[in-house]
Amino acid sequence: MKQQIGLPGITEERLQEIESELGFELPKELRNRYKRENKFSVGEWEFHPIKDEQYIKRTWDDLVRVNKEDSDDYPEGFFRIAADGSGDELGYQLPNTETIVLWDHEEQELLPVAPTLKAFIEKEQQVDRSAEQAELFLQTVLETGVVYGLSKFEQSGWAYCPSNQDETDVLLFFSTEASAKALQTKEWANYHLIRLDVDLLVEGWLPNMIDDGLYCGLNWEPELVGLELDPEDVLADLEG
């Protein structure tokens, strides 16, 4: 997970000054994070810093200023804590200071994304790990020319799980025997290891998956966690 190292943490006294300006106490998780580090990022999200006179140029667009500027452009009570540069904002819908919500600037609506800041950060970390796993898959299979999977049957079939995005399934592919065998647990303990040439994946499997509306899961972890990728995108990456 790429968490940018920012500025030195903020003192308790300074935090209390900020809370006095805002008119309410900051959520405990956010306070603790600011005490450890100021002007930090999580994934694509840049968290608004606390103004620090020692680093005024880097903290001029601070938490208080951000929430006082253009407040009419956002729902009443929406307290912004981070931005991703696209126009979307992350924050809390006051008086709720637990649930993390996303302001979708295109749809002009607030969407809950995580029950707590900690849960949001963990989710972003998982997304980053999953992206790294997918990238490793592509690099490895282009070098080896081989893809692995699991199947209930020795000569046919392929392990899959339900999608969390749509009413379809995710077929799981792995770049090494070891990563595939790591999922031979619980209900898949007796599944067989299947070896597939990348050419067959490119020429047959992926085009059929596109037609069937299925997703690809690349190098997923044993907890069955990972990105659900469009097979058309995977095909484009493999064809270069």
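Position 1 is the first residue of the sequence; numbering continues from there. Predicted, not measured: the structure shown is a model, and the values here were computed from it.
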Q: Taking side chain as C-beta onward, heavy atoms only, is Leu183 less than 4.5 Å from Leu224?
A: yes

Q: In plain terms, say whether Arg195 and Glu177 are close enough for a salt bridge, that is, a side-chain N and a carboxylate O under 4.0 Å apart.
A: no

Q: Hey, are the side chains of Asn164 and Glu228 touching, using non-hydrogen atoms and a 4.5 Å cut-off?
A: yes

Q: Which is it for Tyr215 and Asp166 under the side chain to side chain donor-acceptor pair (under 3.5 Å) test, yes or no, and what are the steps along the way?
A: CA-CA 10 Å; Tyr215 287 119; Asp166 298 300; 2.4 Å; yes

Q: Taking side chain as C-beta onward, heavy atoms only, is Asp84 less than 4.5 Å from Asp88?
A: yes

Q: Measuring from Leu117:CG to Leu30:CG, what's the distance to the nearest 0.5 Å?
A: 6.0 Å

Q: Compute the centroid of each ring, for Phe47 and then for Tyr34, and state whether the two points are separated by less than 6.0 Å.
A: no

Q: Grouping I, L, V, M, F, W and Y whenever their side-chain heavy atoms are under 4.5 Å apart, do Val64 and Trp60 come out in a common cluster?
A: no

Q: Should Leu171 and Phe174 be regarded as members of a common hydrophobic cluster, given that ILVMFWY residues are connected when their side-chain heavy atoms come within less than 4.5 Å of each other, either directly or indirectly?
A: no

Q: What's the verdict on side chain to side chain donor-acceptor pair (under 3.5 Å) for Glu167 and Ser163, showing C-alpha distance, side-chain angles and the deciding distance?
A: CA-CA 7 Å; Glu167 293 184 2; Ser163 168; over 6 Å; no

Q: I need the Leu63 CG to Lys39 NZ distance, nearest 0.5 Å.
A: 12.0 Å

Q: Which heavy-atom pair separates Glu89 from Ala82 by the least distance, and what is that distance?
A: OE1-O, 3.0 Å

Q: Is the backbone N or O of Glu98 less than 3.5 Å from a side-chain atom of Thr116, with the two atoms forming a donor-acceptor pair by type?
A: no

Q: Taking the ring of Trp158 and the ring of Phe173, is the distance between their centroids below 6.0 Å?
A: yes

Q: Quick one, Val225 and Gln126 - any side-chain contact, counting heavy atoms below 4.5 Å?
A: yes

Q: Tell me whether Asp70 at atom CG has more than 12 heavy atoms from other residues, nucleotides or ligands lying less than 6.0 Å away.
A: yes

Q: Could you go through the side chain to side chain contact (heavy atoms under 4.5 Å, CB included) check for Asn219 and Ser130 one step at a time?
A: CA-CA 8 Å; Asn219 279 355; Ser130 297; over 6 Å; no

Q: May I ask you to decide if Thr176's main-chain N or O and Ser179's side chain share a donor-acceptor pair within less than 3.5 Å?
A: yes

Q: Within the supplied structure, the quantity of interest is the number of heavy atoms (other residues, nucleotides, ligands) at a distance under 6.0 Å from Glu13 CD; does it exceed 12?
A: no

Q: For the CD atom on Glu122, are there more than 12 heavy atoms of other groups (residues, nucleotides or ligands in this structure) within a distance under 6.0 Å?
A: yes

Q: What's the shortest heavy-atom distance between Thr168 and Gly213, and which atoms?
A: OG1-O, 2.9 Å

Q: Tell me the closest heavy-atom pair linking Pro207 and Leu201, and the distance in Å.
A: CD-O, 4.0 Å

Q: Ring-plane angle category for Trp45 and Phe120, please: parallel below 30°, perpendicular beyond 60°, tilted otherwise.
A: perpendicular

Q: Contact between Gln108 and Trp103 at the side-chain level, heavy atoms closer than 4.5 Å - yes or no?
A: yes

Q: Can you tell me if Asp197 uses its side chain to pair, donor with acceptor, with the backbone of Asp199 under 3.5 Å?
A: no

Q: Between Asn208 (side chain) and Gly204 (backbone), is there a donor-acceptor pair under 3.5 Å?
A: yes

Q: Using 4.0 Å as the upper bound for N to carboxylate O, is an ion pair formed by Glu132 and Arg129?
A: no

Q: Could you check if a side-chain atom of Glu109 sits within less than 4.5 angstrom of a side-chain atom of Leu111, using non-hydrogen atoms only?
A: yes

Q: Is a donor on one side and an acceptor on the other found under 3.5 Å between the side chain of Glu239 and the backbone of Ala236?
A: no

Q: Distance check, rounded to the nearest 0.5 Å: Ile10 atom CD1 versus Gln16 atom CD?
A: 13.0 Å

Q: Would you name the heavy atoms of Leu206 and Val202 that are closest together and state the gap between them?
A: CD1-CA, 4.4 Å

Q: Counting only N and O atoms by type, is there a donor-acceptor contact under 3.5 Å from the side chain of Asp52 to the main-chain atoms of Thr59?
A: no

Q: Working note: Phe153 + Tyr191, criterion ring pair (Phe, Tyr, Trp, His ring centres under 6.0 Å); need CA distance, chi angles, decisive distance, verdict.
A: CA-CA 7 Å; Phe153 307 102; Tyr191 272 45; 8.5 Å; no

Q: Side chain of Ser71, backbone of Asn67: donor and acceptor closer than 3.5 Å?
A: no

Q: Using the side chain to side chain contact (heavy atoms under 4.5 Å, CB included) rule, take Val147 and Phe137 through it: C-alpha gap first, then chi angles, then the decisive distance, then the call.
A: CA-CA 9 Å; Val147 175; Phe137 173 92; 4.1 Å; yes

Q: Can you give me the closest heavy-atom contact between Glu46 and Ser41, atom names plus distance?
A: OE1-CB, 3.5 Å

Q: Could you please spell out the steps behind the side chain to side chain contact (heavy atoms under 4.5 Å, CB included) verdict for Lys181 and Leu193?
A: CA-CA 7 Å; Lys181 288 181 176 180; Leu193 182 71; 3.9 Å; yes

Q: Look at the side-chain heavy atoms of Ile, Leu, Val, Met, Phe, Trp and Tyr, link any pair under 4.5 Å apart, and say whether Leu200 and Ile194 land in one connected group.
A: yes

Q: Please determine whether a side-chain nitrogen of the Lys or Arg among Arg33 and Glu37 lies less than 4.0 Å from a carboxylate oxygen of the Asp or Glu.
A: yes

Q: Hey, are the side chains of Phe79 and Asn96 touching, using non-hydrogen atoms and a 4.5 Å cut-off?
A: no

Q: CG of Leu227 to CG of Leu218: how many Å apart, nearest 0.5 Å?
A: 8.5 Å

Q: For residues Tyr92 and Phe78, establish whether the separation of their ring centroids is below 6.0 Å.
A: no

Q: Please step through side chain to side chain donor-acceptor pair (under 3.5 Å) for the pair Gln139 and Glu143, ending with a clear verdict.
A: CA-CA 7 Å; Gln139 293 175 354; Glu143 294 175 0; over 6 Å; no

Q: How close do Asn38 and Pro8 get, counting heavy atoms only, and between which atoms?
A: CB-O, 3.4 Å

Q: Between Val66 and Asp61, does the side chain to side chain contact (heavy atoms under 4.5 Å, CB included) criterion hold? Intermediate values first, please.
A: CA-CA 6 Å; Val66 162; Asp61 199 18; 3.5 Å; yes

Q: To the nearest 0.5 Å, what is the distance between OG1 (Thr97) and CZ (Arg31)?
A: 11.5 Å

Q: Distance from Lys68 atom NZ to Glu21 atom CD, nearest 0.5 Å?
A: 5.5 Å

Q: Do the side chains of Leu22 and Leu90 join up, straight or via other hydrophobic residues, at under 4.5 Å, putting them in one cluster?
A: yes

Q: For atom OH of Tyr74, is the number of surrounding heavy atoms from other residues, nucleotides or ligands below 6.0 Å larger than 12?
A: yes

Q: So with a 6.0 Å cut-off around CD of Glu106, is the heavy-atom count from everything else above 12?
A: no

Q: Could you tell me whether a side-chain N or O of Glu19 sits under 3.5 Å from a main-chain N or O of Leu26, the two making a donor and an acceptor?
A: yes

Q: Are Val170 and Trp205 joined in one hydrophobic group, where the rule is that I, L, V, M, F, W and Y side chains link up if heavy atoms are under 4.5 Å apart?
A: no

Q: If you draw a 6.0 Å radius around CD in Glu187, do more than 12 non-hydrogen atoms from other residues or ligands fall strictly inside?
A: yes

Q: Do Arg14 and Lys51 have side chains that approach each other closer than 4.5 Å (heavy atoms only, starting at C-beta)?
A: yes

Q: Are any side-chain N or O atoms of His105 and backbone N or O atoms of Ser86, one a donor and one an acceptor, separated by less than 3.5 Å?
A: yes

